[in-house]
Amino acid sequence: MVTTLAIDCGGGGIKASVLDEQGTMRARPMRVPTPYPLPPSLFVKTLLDLAAELPAADRVTVGMPGMLRHGVVVATPHYVTRAGPRTKVDQDLVTQWFGFDAQTGLTEAFGVPVLVLNDAEVHGAGVVAGTGLELVLTLGTGLGSALFDGGVLAPHLELSQAPVRWGQSYDTYVGEHERRRLGDTFWSRRVRGVVEGLRPVFLWDRLYLGGGNSRLIRPEQLARMGDDVVVVPNTAGILGGVRAWSVRPHRPVRSDRP
């Protein structure tokens with residue numbers, strides 16, 4: 001039996017559990033607050049310390065926010081800040097994170113194979129049916145996204161950083177800060193507006209809404225989005241750690257840039 005340590009790294013917390021080949025948790029999930037400021041070295045140490053509280057595994061899957069290409073960080077929105085999401089960006093952290101080969105660094109640290117993807121991609125791996133074009137949007141601290149075609153993960157698009165309205169990005173427009181400011185009712189209307197706006201862009205066969213805040217979408221707004229839009233549990237961020245190995249694209253020879 002191949003066991004997988006699945007680690008879901010968010011802006012506010014980092015969760016982990018060990019799963020078997022069927023995706024059944026073999027240990028109680030553990031969670032720690034995301035420490036800030038967070039240079040790559042502390043990120044690696046935090047994951048190692050969390051893993052030490054769980055049974056040993058044969059491989060590791062890590063989902064983290066931001067743009068990653070073949071396990072290499074191009075940009076990460078929260079981990080470059082001084083005290084967490086929506087706080088001041090530290091340019092020294094921006095420099096440290098850019099080009100950080102998280103997959104290689106974590107493989108060396110753990111001593112077992114490690115797969116590093118965007119957190120929404122791992123989340124999506126846990127819910128997609130594997131047929132047609134499937135889009136995954138995760139609602140939490142910000143907005144995460146992943147696209148699958150026939151069950152194969154497409155190259156990552158950092159949709160969260162695209163402008164949407166009033167000079168805001170999707171990340172801020174439907175993120176946790178705006179949900180608290182607006183309240184669930186008005187925020188749910190905003191989420192529905194985002195879904196309607198993206199529909200002609202992707203023309204998906206199925207859209208999955210996940211992340212910790214997806215359960216807060218008002219039922220009447222969800223019903224108006226259509227039958228091809230479904231809410232999935234946030235536990236997919238952990239459960240996808242097993243299936244992520246079968247949906248990932250092959251890693252090409254690395255160039256000089258991420």
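For the pair L93/P37, a side-chain contact is recorded, criterion being any heavy-atom separation below 4.5 Å from C-beta on. Between V127 and E134 the shortest side-chain heavy-atom distance does not fall below 4.5 Å. Counting heavy atoms from C-beta outward, L106 and V60 have side chains that stay 4.5 Å or more apart. In this structure, L153 and L117 have side chains that are in contact, with non-hydrogen atoms separated by less than 4.5 Å. Considering only heavy atoms from C-beta on, Q103 comes within 4.5 Å of L115 through its side chain. Two residues are said to be in side-chain contact when any heavy atoms from C-beta on lie closer than 4.5 Å; S214 and V191 fail this criterion. Looking only at side-chain heavy atoms (C-beta outward), V230 and R206 come within less than 4.5 Å of each other. You'll find the side chain of V73 reaches within 4.5 Å of the side chain of M64, heavy atoms only.
In this structure, CD1 on I14 lies 12.5 Å from CE on M30, to the nearest 0.5 angstrom. Rounded to the nearest 0.5 angstrom, N213 CG and R180 CZ are separated by 9.0 Å. If you take OG on S188 and CD1 on I217, they are separated by 6.0 Å, rounding to the nearest 0.5 Å. Taking CD from E53 and CZ from R31, the interatomic distance works out to 15.5 Å, rounded to the nearest 0.5 Å. The line from CD1 of I7 to OG1 of T61 is 8.5 Å long, rounded to the nearest 0.5 Å. In this structure, F100 CZ and T76 OG1 are separated by 11.0 Å, a value rounded to the nearest 0.5 Å.
Among T34, V94, L42, the one residue that satisfies the side-chain contact (heavy atoms from CB on, under 4.5 Å) test with Y79 is T34. For the side-chain contact (heavy atoms from CB on, under 4.5 Å) with L207, the lone residue among L135, L198, L133, V136 that qualifies is L135.
Between E178 and R181 there is a salt bridge, since at least one side-chain N of the basic residue sits less than 4.0 Å from a carboxylate O of the acidic one. Salt-bridge annotation for E220 and R224: absent, with no side-chain N of the basic residue lying under 4.0 Å from a carboxylate O of the acidic one.
Of the possible polar contacts, one joining the D171 side chain to the L143 backbone as a donor-acceptor pair under 3.5 Å is found. Between the E121 side chain and the N118 main chain, a donor and an acceptor come within less than 3.5 Å of each other. Side-chain atoms of R218 do not come within 3.5 Å of backbone N or O of T185 as any donor-acceptor pair. At distances below 3.5 Å, at least one donor-acceptor pair connects side-chain atoms of S17 with backbone N or O atoms of A27. For the pair T3 (side chain) and D58 (backbone), a donor-acceptor distance under 3.5 Å is present. The main-chain N or O of Q91 is found under 3.5 Å from a side-chain atom of T95 such that the two form a donor-acceptor pair.
A single hydrophobic cluster is seen to contain both M225 and V164, as judged by linkage of ILVMFWY side chains at heavy-atom distances under 4.5 Å, directly or through other members. Under a hydrophobic clustering in which Ile, Leu, Val, Met, Phe, Trp and Tyr are joined whenever their side-chain heavy atoms come within less than 4.5 Å, directly or via other members, M1 and M25 fall into different clusters. There is no path of hydrophobic side-chain contacts, each under 4.5 Å, that joins I238 to L209.
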Open item on the list: Apply side chain to side chain contact (heavy atoms under 4.5 Å, CB included) to residues V72 and L68 and explain how you reach the verdict.
Closed with: CA-CA 5 Å; V72 180; L68 291 98; over 6 Å; no
TODO: Just do the side chain to side chain contact (heavy atoms under 4.5 Å, CB included) check on R82 and Y36 with the steps written out, would you?
DONE: CA-CA 6 Å; R82 294 182 178 178; Y36 290 99; over 6 Å; no
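With Y173 as the aromatic partner, R190 meets the cation-pi criteria of under 6.0 angstrom to the ring centre and within 45 degrees of the ring axis.
Using a 30° and 60° split on the angle between ring planes, F43 and W97 fall in the perpendicular class, above 60°.
In terms of heavy atoms, Y170 sits closest to L159 at CD1-O, 3.4 Å.
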